[in-house]
There are 2 protein chains.
Amino acid sequence: MGRHREFDVEKALDAILCVFWSKGYEGASYTDLTEAAGVERPALYSAFGNKEALFAHALDRYYERYLNYIPDALQKPTSREVAAHMLYNAIDLNTRYPKHTGCFNITGLLAGSNDAEPVRQMLIDVRARGEALFRERLERAKAEGDLPETAKPDALAAYLMAVLHGMAVQAKAGFSRETLEAVAEQALATWPAKSS
Amino acid sequence: MGRHREFDVEKALDAILCVFWSKGYEGASYTDLTEAAGVERPALYSAFGNKEALFAHALDRYYERYLNYIPDALQKPTSREVAAHMLYNAIDLNTRYPKHTGCFNITGLLAGSNDAEPVRQMLIDVRARGEALFRERLERAKAEGDLPETAKPDALAAYLMAVLHGMAVQAKAGFSRETLEAVAEQALATWPAKSS
DNA sequence: TCGTTACTATAATGATCGGTATGAAATTTG
DNA sequence: CAAATTTCATACCGATCATTATAGTAACGA
């Protein structure tokens, strides 16, 4: 019994996600968040918990809603196609919305006060999980003969993630989609050839 | 006439630089800054101006004191050596100090409230100047025949900067020097060969 | 229609933010 | 020495931070 919630929790979280995406964790104030969500403060607390929990909800949603191309990419037949799909989907994501360029995760990962350390660690952990998935995919590729025996999956995964993170920074610095595509093209030029 | 300054302005700025390096602009409070500098608030204001000016001083000093390898790197005879020196010096810088890993510039560039927008723009501009220097060096290399006629200096410069920025992110995520060296090695594997 | 429930919105909490007024201490000038 | 001037440490400023207590109200079961 009792009154039902008036606002759409999903829509509110979507709006909040965009604010964190643009400003990071501490850069986003509750004034920003409530304005974007169209919902007052206590409603956010009752629906999501405190700011850290709210950010965690937004992070989950980011992976589920915007980084959903990663599972698809990992299923591509060759490691080169996997890498290419990761790169070009990331470029699209990093430049599609002028109000929040770059990557939600990377934006929040770098700077912050001591209070924000748990949040930074959360982002570091999630990032590492993504890289691990990619590394495992490359290990499979090596086992399948899609990558040469000399290939080092861990180094290759770290390398591609570096390019992805670098493009997230550059998107924040205002890079166009076209420039980032040239970066991706150059990155793929290094990809090891099949051993066959 | 009047009383002499008791604290060492240069040492104070060095200490402050490290705080901004670790926490970014807004993540560093005056409490953090005065503790690190061993100097009270009004002294910082009289010596450097407000927080934004203080950050600008720290940024200048960062380039002059820690990024001084860039002019040297640009003078290397071949573009490949230029790129290699930029990469390996950046790795050293990004991992040498456990208290402030990564890059001062990139750390402050991504996140921030609306109030911090001028600071972010400052960092974006400085970053762009660095990339422009590198691009001009690559154009010279192309003119000299050190790069093939098909090489695109702007894309190549953006690519290498992406790797550098990505490594700055990864250093913040705790990557070891060895892992970043593997990333650099992979990045250099893509470098265009001489046309001769 | 009534009592209960849980929402909404307002406003206030203590803490901390960047920035500064204040007066004592220190040094040069006369 | 005394006057003038600058730096120092302390304490305070209004604004804003995340968070929550309070009060009002809409929606439910009975």
Side-chain angles (χ1 to χ4, degrees), chain A residues 1-13 15-17 19-20 22-59 108 111-123, chain B residues 1-13 15-17 19-20 22-59 108 111-123:
Chain A
M1 70 159 77
R3 186 177 171 177
H4 291 153
R5 193 164 264 144
E6 280 186 2
F7 70 95
D8 185 333
V9 178
E10 306 301 316
K11 291 213 169 210
L13 187 53
I16 283 161
L17 158 56
V19 178
F20 281 133
S22 165
K23 303 185 175 186
Y25 176 65
E26 289 184 315
S29 72
Y30 264 96
T31 302
D32 297 327
L33 295 169
T34 54
E35 273 181 15
V39 162
E40 295 302 325
R41 256 168 239 228
L44 292 185
Y45 277 89
S46 91
F48 303 106
N50 68 4
K51 196 184 184 187
E52 192 172 323
L54 175 58
F55 186 83
H57 277 98
L59 175 60
S113 75
N114 291 342
D115 291 348
E117 206 58 32
V119 171
R120 294 209 317 109
Q121 198 58 52
M122 179 196 310
L123 293 169
Chain B
M1 69 158 83
R3 186 172 172 178
H4 294 314
R5 193 166 262 144
E6 282 185 2
F7 71 96
D8 185 332
V9 177
E10 307 301 316
K11 291 212 170 211
L13 186 53
I16 282 161
L17 159 56
V19 178
F20 280 133
S22 164
K23 304 186 176 185
Y25 177 65
E26 289 184 315
S29 71
Y30 265 96
T31 302
D32 297 327
L33 296 169
T34 54
E35 272 181 15
V39 162
E40 294 302 325
R41 241 175 262 220
L44 292 184
Y45 276 89
S46 90
F48 303 107
N50 68 5
K51 195 185 185 187
E52 191 172 324
L54 176 58
F55 186 83
H57 277 98
L59 176 59
S113 74
N114 292 341
D115 292 347
E117 206 58 33
V119 171
R120 293 209 317 111
Q121 198 56 53
M122 178 195 311
L123 293 169

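Proteins come first, then strands; the chains are lettered A, B, ... in the order of their sequence lines, and each starts at number 1.
For A:F55, the ring-ring contact (aromatic ring centres under 6.0 Å, His included) partners two or more places apart in sequence, or in a different chain, are A:F20, A:Y25, A:F104. With sequence neighbours left out, the salt bridge (charged side-chain N to carboxylate O under 4.0 Å, His left out) criterion links B:R3 to B:E6. Among residues two or more places apart in sequence or in another chain, the side chain to side chain contact (heavy atoms under 4.5 Å, CB included) test is passed with A:A37 by A:A12, A:I16, A:V39.
Applying a 4.0 Å cut-off to non-hydrogen atoms, the residues of residues 30-53 of chain A that approach DNA chain D are A:Y30, A:T31, A:R41, A:P42, A:Y45, A:N50, A:K51, listed by residue number.
The aromatic rings of B:Y45 and B:Y30 sit parallel, their planes meeting at an angle under 30°, below the 60° perpendicular limit.
At the heavy-atom level, A:Y25 lies nowhere under 4.0 Å from the strands shown.
Counting only residues at least two apart or in different chains, salt bridge (charged side-chain N to carboxylate O under 4.0 Å, His left out) contacts with residues 32-52 of chain A comprise A:K23-A:D32.
What you find for B:S46 and B:R5 is that their closest heavy atoms are OG-NH2, 3.6 Å. Of all non-hydrogen atoms in B:A53 and B:F48, the two that sit nearest each other are CB-O, 3.2 Å. Closest approach of B:L33 to B:A28, counting heavy atoms only: CD2-CB, 4.3 Å.
Summarising the geometry, the separation between CG on A:D115 and P on D:dT16 is reported as 20 Å, rounded to the nearest angstrom.
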* Reading 5' to 3' through nucleotides 23-30 of chain C, protein heavy-atom contacts under 4.0 Å coded B for base, S for sugar-phosphate only, - for none -> --BBBBS-

